[in-house]
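Only one structure is covered here, and it is reproduced in the block below.
Numbered from 1 within each chain, the chains take letters A, B, ... in sequence-line order. Just so it is clear, the values below take in all heavy atoms, side chains as well, and ignore hydrogens, waters and symmetry mates.
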Amino acid sequence: MSDLSTLQIVWFVLIAVLWIGYLALEGFDFGVGMLLPILGRSHQKGAAGAADTEARKRVMLNTIGPVWDGNEVWVLTAGGAMFAAFPQWYATLFSGFYLALALILVALIVRGMGLDYRHKVDSDTWRKRWDLAITTGSFLAALLWGVGLTNIVYGTPIRPNPDVKGDYFFDGNLFTLLGVVPLIGGLTFVGLFLTHGAFFIALKTDGPIRQDARALGIKTGLVTAVLAVVLLLAINLRHGSLVSWIGTVVAAVALLGGIFMATKGREGWAFLGTFVCIAFAVVAYFGALFPNAMPTTLADGADLTLAAASSTPKTLTIMTWAAAVFTPIVLLYQGWTYWVFRKRISTKNIPAPVSVGK
Amino acid sequence: MDVLDLARWQFAITTVYHFLFVPITIGVTALIAIMQTFWHRTGDDHWLRLTKFFGKLFMINFALGLVTGIVQEFQFGMNWSLYSRFVGDIFGAPLAFEALLAFFLESTFLGLWIFGWDRLPKKIHLASIWLVHIGTVFSAFFILAANSFMQNPVGYTYNAQTNRAELDDFAAVLFNKVQLVTFPHVVLGAYMTAGAFVMGIALYHLRKQALDKGPDISMYRKAVRFGAIVALVASIGVLVSGDVQGKVMTEVQPMKMAAAEGLYETRSGAPFSILTIGSLDGTAARPILEVPGLLSFLGTGSFSGEIQGINDLQAADKAEFGNNPQTASASYVPVIWMTYWNFRLMMGAGFLTMLFAAMALWKTRGQGVVTSGMWKHIAIWTPLLPVLANSFGWIFTEVGRQPWLVNGLMTTETGVSTSVSATSVWISMIIYTLLYGALAVVELRLLLRYIQPGAVPVEAPKDPADRADDEPFVFAY
């Protein structure tokens, strides 16, 4: 690690921050999407139940309505920052995890279209189809991000390209990515986002759905805690560092603390718990990764190190200035958005469905 | 097809598709912001109705632009990993800047604008849509700076040790001379597209109202004239910036200019053919209508200027680039019929838009309305023409760059991903294409459904201070 410059370390940390931003924010969007068929279901029966189910779903969707798109930009920024700061990392990773990323893109596309289009036509069939798009899209994206990010840290078959000087490539296919630990990673992400989404709904809504969300989050949280411990131990035993162990401990404490707070009815603290858990899980991941960008699993391969993947000091310096000036501004106005839409939403806030043409 | 062909097709399909929605987003946000500002200034209810109407249409369109945009950022790494590693030190920064400065601004304030009608103070709500528009313009700036580097690489040095292009001067990259003409050309093209969008749709309703003696004739006339003025003024700007672009292109990419005309032999006073029959391979082209000296004028500013021909350029490129594996290519000539026809179709669609906008302005002067059947066709074609022109223009620009990925520095075939199999690209391409096709059908039908009722009367938005906590929202998912 001695051959890494301060700028390279700064950018490694900043990319971790961007991933924290993405997973901690879009994580609850995914959770809300996955929970749509579960928490959406009304306790009432018959026609009143059907109407209540639809109102509950719309309450859930409106908790993320004004913010999900802004949340998604974090991943574009993370991708752009990886491209600019560590081009070889971006090149090796994105070409290597090709089909997994293509599936993530499809998942994000159908989910985004569902969120934007579901309310535009007053028809049960129309809504049912977009509900399916939102829920499966959210699930698939959560699962695949978990599988993908765990693979990066846990190691993949990376080797230097004999034909192109300086290039490293991924010597595998989609099935190479489906190892046991990465799959546990995928399930953990799903569980974590379900819990995070449930606590978000508990925090942002009022009425029966609020109680249901809190109760469900406690259950999924406990299952996730078990998965997360197995996952983080597996990663730490292979690539552990001081930072990754600290990240692991804080993440575990935060998750359990969040669950505990939920049992006490403290929804804000519960949500903060899952938020911090996600943040420190990313810290654990990046702590385990350092000083590599992508460790190899091949005996005759070579780790893609951050030093080998990095841009020039000039590019990193320019990027640092831009990040120093604009990241606080982004945080400020994005934070302000959450303040504007801070009030709890209940079924009373849901207007009649729009009915335009036929 | 091999990985290279597949990756090229995938880039073409996903990029052309994405860019159907982008100019409308850039331009219409500006027009909506202006309409909403008119409403604030005048209190005229018509402008509020138009703001909300075009706002809905814009959001239907934006959804697709948004989701297909993520594919764009990812596919450089996915399909073009050797390109990404080779130019990442230069090319990555504009993309990161675009996300940080533009996408956050756009998406955050769009959320505020859509959901904020009754939850934000009036002025802040208006500022939100302006900020969305500013975000889209930033976005255009950075992505075009990145593209301009591919047309005319500047501000870099090649480092043999790391085997890649490295940043030397970031300002040179951002203010590349190609960028300085491309950015205005594309953004003005977006305003033209949006002006035509508003004009065409309003024209359709104006005609309907005029035939039915409806109550909203004056509102739609305002909208027609507003859209037409924007389209006309912007298209003049597109023409002027395009003219300057032609001269820069002649200088930095002479092959592309020669390919735009299919000019094989270097000559002074080169003519510009409006149409041609026969093949364009230099043997049997028969121009139908030729304007003497016009190509020379477009390229050099003088009717007698010299334009280099394809044959001379091919020989010169062969000598200069033929010995380096990263720049060697059997041919340095793009596909001529593609460049030739796309160049003309782009201009033709642009000129027709101008003509329709001028006609609409003339016809709606005073208390004028439109009623004849011809105007229905104009109403339908006006929004489509600039969208087509945008696509033709980009196909010309990108096909005309071939065989280069980065002009003079890296051929397209040396930029493709190392570890991606043809099967993988096939799978993803089939999925994207089917999905994009299905979504296009859904989007178009939804758009038509929302266009039909027109700018219906709306309630003036409430002050957030007067709104009770359990009141239904004005807008909700």
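- The shortest side-chain heavy-atom distance between B:L446 and A:W126 falls under the 4.5 Å cut-off.
- For A:R129, the CZ atom sits in a loose shell: 12 or fewer heavy atoms of surrounding residues, nucleotides or ligands are nearer than 6.0 Å.
- For a residue to count as touching a neighbouring chain, one of its non-hydrogen atoms must lie under 4.5 Å from one of that chain's; by this rule A:L101 touches chain B with backbone and side chain alike.
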Please test B:V442 against A:W130 for side-chain contact (heavy atoms from CB on, under 4.5 Å), starting from the C-alpha separation and ending with a verdict.
CA-CA 12 Å; B:V442 174; A:W130 288 123; 4.0 Å; yes
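- Aromatic ring centres of A:Y333 and B:F109 lie closer together than 6.0 Å.
- The candidate from A:N161, A:I329, A:V59 with the greatest count of non-hydrogen atom pairs under 4.5 Å with chain B is A:N161.
- Closest approach of A:V75 and B:E73 over heavy atoms only: O-OE1, 4.4 Å.
- Contact residues of residues 81-89 of chain A toward chain B are A:A81, A:F83, A:A84, A:P87, A:Q88 (heavy-atom distance under 4.5 Å).
- Chosen from A:K120, A:R118, A:R58, the residue pairing most often with chain B at heavy-atom distances under 4.5 Å is A:K120.
- Looking at B:D168, the atoms closer than 4.5 Å to chain A (heavy atoms on both sides) sit in the backbone and in the side chain alike.
- At a heavy-atom separation below 4.5 angstrom, chain B is approached by A:D167, A:F169, A:F170 within residues 167-175 of chain A.
- Only the backbone of B:E471 comes within contact range of chain A, with heavy atoms under 4.5 Å apart.
- Interatomic distance, OG1 of A:T312 versus CD1 of B:I90, reported as 8.0 Å (0.5 Å rounding).
- Using a 4.5 Å cut-off between heavy atoms, A:V354 contacts chain B through its side chain alone, with no backbone atom that close.
- Interface check for chain B: of the options A:D163, A:V106, A:L61, A:L99, the most heavy-atom pairs under 4.5 Å are formed by A:L99.
- Using a 4.5 Å cut-off between heavy atoms, B:L82 contacts chain A through its side chain alone, with no backbone atom that close.
- Heavy atoms of B:R164 lying under 4.5 Å from chain A belong exclusively to its side chain.
- For A:I345, the part lying near chain B is the side chain, with the backbone staying farther off; criterion is any non-hydrogen pair under 4.5 Å.
- Contact of A:V110 with chain B is made through the side chain alone, with heavy-atom distances under 4.5 Å.
- In this structure, the portions of B:V425 lying under 4.5 Å from any heavy atom of chain A include both its backbone and its side chain.
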If you apply the rule side-chain contact (heavy atoms from CB on, under 4.5 Å), what do you find for A:I109 with B:Y436, and how did you get there?
CA-CA 10 Å; A:I109 289 171; B:Y436 280 19; 4.0 Å; yes
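- Ranked by heavy-atom pairs under 4.5 Å with chain B, the first of A:T315, A:L93, A:T337, A:T327 is A:T315.
- We find the CG-OG1 distance between A:L332 and B:T108 to be 11.5 Å, quoted to the nearest 0.5 Å.
- Only the backbone of A:S310 has a heavy atom closer than 4.5 Å to any heavy atom of chain B.
- Considering OG1 of B:T68 and CG of A:L108, their distance stands at 12.5 Å, rounded to 0.5 Å.
- The residue among A:L105, A:D116, A:L316 with the most heavy atom pairs within less than 4.5 Å of chain B is A:L105.
- Here the shortest heavy-atom pairing between A:G112 and B:V67 reads CA-CG1, 4.0 Å.
- Looking only at heavy-atom pairs under 4.5 Å with chain B, the residue among A:F326, A:Y98, A:F94, A:W336 that has the most is A:Y98.
- Taking 4.5 Å as the limit, some side-chain heavy atom of B:L112 sits within range of a side-chain heavy atom of A:F341.
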Take A:E72 and B:F103 through the side-chain contact (heavy atoms from CB on, under 4.5 Å) test and state the conclusion after the steps.
CA-CA 10 Å; A:E72 194 160 277; B:F103 292 158; over 6 Å; no
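- A donor-acceptor contact shorter than 3.5 Å is absent between the side chain of B:D89 and the backbone of A:S311.
- Each of B:F115, B:F473, B:F475 was compared with A:H119 under the ring pair (Phe, Tyr, Trp, His ring centres under 6.0 Å) criterion, and only B:F475 meets it.
- Proximity to chain B (any heavy atom under 4.5 Å) is shown, for A:V67, by neither the backbone nor the side chain.
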Report the C-alpha distance between B:F97 and A:M319 in whole Å, list the side-chain angles of each, state the deciding distance to 0.1 Å, and finish with yes or no for side-chain contact (heavy atoms from CB on, under 4.5 Å).
CA-CA 8 Å; B:F97 276 50; A:M319 298 270 297; 3.9 Å; yes
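- At a 4.5 Å heavy-atom cutoff, the contact between B:Q10 and chain A is made by side-chain atoms alone.
- Of the two parts of A:K165, the backbone and the side chain both hold a non-hydrogen atom closer than 4.5 Å to a non-hydrogen atom of chain B.
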